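Some notes on the structure that comes next.
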Amino acid sequence: MVSPPSRHALSRRAFLAGSLAGSGLLLTSMSGCSGGSDGGEDCLVTPATTPVDLGPSWAPKPVARGGLTCLATQDKETMRLHTISGDATFWSGVNLGSTTPGHSPGELAIPEQDYRRWFTMMRESGVRVLRIYTIHKPHMYAELKAHNEAHPDHPLYLMHGIYLPDESYLDSGDLYASGPTNAMIQETRDASAAVHGTLTRPPVRGRASGTWTADVSQWVLGWIVGVEWDPIATRASDAKNKARPAHQGAYFSSREGASPTERWVAARMDELATLEAAHGLSVPIAMVNWPTTDPLRHPQEPLEREDVVGVDANHIVASDLWPAGTFASYHAYPYYPDFQRLQPSYRQDPSGDAYRAYLLDLKRHHAGMPLMVTEFGVPSTLGSAHIGTNGRDQGHHTELEAMRMNSEMIRMFKDIQLCGGLLFAWTDEWFKFTWNTLPRHAVVDAERRALWHDVLTNEQYFGMIALDPALVGRRVVHEARDGLAQIDIDHDASWVHLSLAYTQALSTPVVLGFDVVPTAGRPLTGLGDSARFDIAVRVDPLAGKASCLIRTDLDPVLLDGLPGSWEPKDDGTGWIQQQLTLNRPYPIPGTNRERPPEMLAVGELIRTDDPQALRGRTGDTLSTWSLTDPGSDGLTRLQLRIPWGLLAISDPSSHMAVTVVDKLPKGVRIERIGVAVAGGTPAAATPVTFDLRWDQWNAAAYTERTKTGAQQYAHAMAETSRLA
């Protein structure tokens, strides 16, 4: 099995990408924010949360140590943020990306109005610490300064990241090469200058540019340097650079036994400390790490690449000249790698929580050093990509479920005496992709991914704030006096919505066929012998069940790299229920056996009793159909919302479908989707046909909504960070 790539690896090309080319046609009937909102009321559906009780003042009260001013300091295994009400020793907050729907992250497209609104929402939601990964545009710093000066007792503290801008080490296997090394040195200088308001940078693709004049350094409580280290490239770089000397700096040094990667990182941390010390400041500095390159051994991990190399924060030490110290920073999620649920010491932990046991294992390893989980969370989406611990899978959660799990995790961090937790993320990110949907998207330009919101791609749904695609508008495509009286359709950048109204209660199965790929397809019983279809939806009203199928030779699971013996098989009909691969088969360490692949039956459509859930405002991200009794008009309504991905669409914004040829994806541009429907009542046995047509688009239209359950996480942040 090839391991699913990391969030960092998945985002690499997207982060460096520039703006979309062309103007194209925006769907004119869409409303709301569109690719750079004006921050008006039409963009904000609900406030973030009911404001939480923030308690006593968190106004900064830095201390002087060793001739430097320290807003925050390391105290053995504790991090102390110095405020006028005492030291804050648990830091809760969120991570914020750099873009909005319709844009790649390298465009850094967030307008100043969004920052202004979001900073207020963050404060009212109990966010104490805002973590960013890279340098944002100058207006972010200006808005943060203005916000904090307006709210001196409860400012947003900034945890600033320094992202490796040149990742050529992934190909060269040499982190010490001039490209990544020089780029990181310059990025470190620029990041320090940005927070002090002394940076001017010309336009460069994929980077923020302009003139930074807002000094926010008084609210910077820490720095996190680097990226999630690729294990194969890191191992190669360590082998290539064995002879590199240890780094002995004024502020940070590598310890005896440090790997070449750890020596390289120590030098970068030392360079940052030198820049900040020149301003008379010292705050904790850490490096990015994640379970794939943690310093522990995991003999039950089935994938070699997930345990081939470690990067250890213990091997980088701050000198007495850097009084703020350091900490161990991990992007640690409860569903990957697999060792979390396979390692007996974790699986059999008395707490019953393997994720908790893993974090405690990390804490023991880093004894004497604070440990912070600087990325965690579960996504609220229909799709998933991996099975997690304690039900915390990588997706297939409602918003309420996801926020409950996030709240439980940050409280657990506090209980086991970690020093903080930063949720990933503040908003949903449309540009993201996931290993098990990436092949389906691969037939179009990757930059188009940000133009639609794929409910099968879990990575796009981690936010506290939902950025919902705007509906185009209802259209009536069929009317009759008896049987199937009316069909309405609508769509947005996530779903196709269908409403079927019948003059009698449903008593027989309903079959819908979707003809997506021209000149291909299979017949469906009840829809005529000559008609051909690629997708089928079958609803059994008496059993209360519905399913979405695909013709077997079009099944995108064929793109997932499953061995032939493990590929899903149909029952001889030529149709198969749609699935997502959550794990390829993998070896059981110490045996000659392997575990079967793990699948999610996304084709098992989930019923709701609330039709409004299908309009995307209740936080129910899983339900896809409803059947309601006759209303005042005497009509029984069957309503469905079908993800574009389940209709074999690779990119609805450009009318691109995905087919399978020799287990490789091939794109087919389409003009429309032909639809036929029959059944439900004896009077509706004759198929009704219509075309689903829609305009292409090159700009995203969306509305902003606080997710259901976000109030839970707001209270969890406020409670865990409350000063004693």
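No experiment lies behind these values; they were computed from the predicted model shown. In what follows, residues are counted from 1 in the order of the sequence shown.
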Do D174 and N241 get their side chains close enough for a donor-acceptor pair, meaning under 3.5 Å? yes
Exam field: side chain W322 to backbone D270, donor-acceptor pair closer than 3.5 Å: no
Between D190 and R207, does the side chain to side chain contact (heavy atoms under 4.5 Å, CB included) criterion hold? Intermediate values first, please. CA-CA 11 Å; D190 288 353; R207 299 171 64 193; 3.2 Å; yes
If you take all heavy atoms of K414 and E719, which pair is closest and at what distance? NZ-O, 4.4 Å
Answer yes or no: is there a side-chain heavy-atom contact under 4.5 Å between L54 and R128? yes
Within a strict 4.5 Å, meaning less than it, do heavy atoms of the L423 and M409 side chains meet? no
Is a side-chain donor or acceptor of S237 paired with a backbone partner of L175 at a separation under 3.5 angstrom? yes
Going by atom types alone, do E459 and Q394 pair a side-chain donor with an acceptor below 3.5 Å? yes
Show the nearest heavy-atom pair for residues S125 and M717, with the distance to one decimal. O-CE, 3.1 Å
To the nearest 0.5 Å, how far apart are OG in S259 and CZ in R235? 13.5 Å
Taking the six-membered ring for Trp and the full ring for Phe, Tyr or His, determine whether the centres of Y163 and Y133 are under 6.0 Å apart. no
Could you verify whether a donor N or O on one side chain and an acceptor N or O on the other, from E704 and W118, lie under 3.5 Å apart? yes
Starting at CZ of F424, measure out to CG of N406 and round the result to the nearest 0.5 Å. 12.0 Å
Which atom pair, heavy atoms only, marks the closest approach of D215 to V195? OD1-O, 3.2 Å
Using modelled atom types only, decide if a donor and an acceptor are shared between the side chain of N95 and the backbone of A425 within a distance under 3.5 Å. no
Does a side-chain heavy-atom distance below 4.5 Å link E112 with K137? no
A side-chain contact here means heavy atoms from C-beta on lying under 4.5 Å apart; do H247 and I316 qualify? no
Criterion side chain to side chain contact (heavy atoms under 4.5 Å, CB included) on K707 and D428, from CA distance to verdict: CA-CA 10 Å; K707 289 188 178 178; D428 288 342; 2.8 Å; yes
Short question: side chain of T374, backbone of L422 - any donor-acceptor pair under 3.5 Å? no
Is a side-chain donor or acceptor of S192 paired with a backbone partner of T188 at a separation under 3.5 angstrom? no
Closer than 3.5 angstrom, by distance alone: can the side chain of R255 be matched with the main-chain N or O of N314 as a donor-acceptor pair? yes
Where A324 and C70 come nearest, the two heavy atoms and their spacing: N-SG, 4.5 Å
So, S407 and H715: side-chain donor and acceptor under 3.5 Å apart, yes or no? no
Do R263 and P245 have side-chain heavy atoms sitting under 4.5 Å apart? no
Crowding at CD, Q417 (>12 non-hydrogen neighbours, <6.0 Å): no
Check: W58 and L723 side chains under 4.5 Å, non-hydrogen atoms: yes
Assert yes or no for the condition that the ring centre distance of H453 to Y461 is strictly below 6.0 Å. yes
Rounded to the nearest 0.5 Å, what separation is found between the OG1 atom of T73 and the CG atom of L68? 12.5 Å
Consider only side-chain N and O atoms of T326 and Q74, and report whether a donor and an acceptor are under 3.5 Å apart. no
Would you please test E429 and T99 for side chain to side chain donor-acceptor pair (under 3.5 Å) and show each step? CA-CA 8 Å; E429 296 181 316; T99 197; over 6 Å; no
Can R268 and E271 be counted as an ion pair, charged N to O under 4.0 angstrom? yes
Taking the six-membered ring for Trp and the full ring for Phe, Tyr or His, determine whether the centres of W223 and H160 are under 6.0 Å apart. yes
Closest non-hydrogen atom pair between P60 and P62, with its separation: C-CD, 3.6 Å
Just by modelled atom types, is the R244 backbone N or O under 3.5 Å from a matching donor or acceptor in the Y176 side chain? no
Which atom pair, heavy atoms only, marks the closest approach of T100 to Y702? CB-OH, 3.8 Å
Give a yes or no on whether the backbone of F431 and the side-chain of R449 come within a donor-acceptor separation of less than 3.5 Å. yes
Can you check side chain to side chain contact (heavy atoms under 4.5 Å, CB included) on W426 and M121, steps first, answer last? CA-CA 10 Å; W426 176 245; M121 294 164 69; 3.8 Å; yes
Polar side chain donor-acceptor pair, H441 to D454, under 3.5 angstrom: yes
Do D238 and T261 meet the criterion of a side-chain donor-acceptor pair at a distance under 3.5 Å? yes
Between CG on residue L130 and OH on residue Y157, distance to nearest 0.5 Å: 13.5 Å
Rounded to the nearest 0.5 Å, what separates atom CD1 in I185 from atom CD in E187? 12.0 Å
Could you tell me whether the side chain of H139 and the main chain of I110 form a donor-acceptor pair under 3.5 Å? yes
Does the side chain of E262 come under 3.5 Å of the side chain of H315 through a donor N or O and an acceptor N or O? yes
Just jot down the side-chain contact (heavy atoms from CB on, under 4.5 Å) partners of A214, sequence neighbours excluded, or say none. Y141, A142, K145
So Y115 and F119, would you call those rings parallel, tilted or perpendicular, with 30° and 60° as cut-offs? tilted
Any heavy-atom pair between the side chains of L451 and N698 that's under 4.5 Å? yes
Any donor-acceptor N/O pair, N289 side chain to Y330 backbone, under 3.5 Å: no
Kindly determine whether H331 and V288 satisfy side chain to side chain contact (heavy atoms under 4.5 Å, CB included), including the steps that lead there. CA-CA 7 Å; H331 299 172; V288 175; 3.6 Å; yes
Considering residues at least two apart in sequence or located in another chain, which fulfil the salt bridge (Lys or Arg N to Asp or Glu O under 4.0 Å) criterion with R80? D75, D87
Starting at NE2 of H366, measure out to OG of S329 and round the result to the nearest 0.5 Å. 10.0 Å
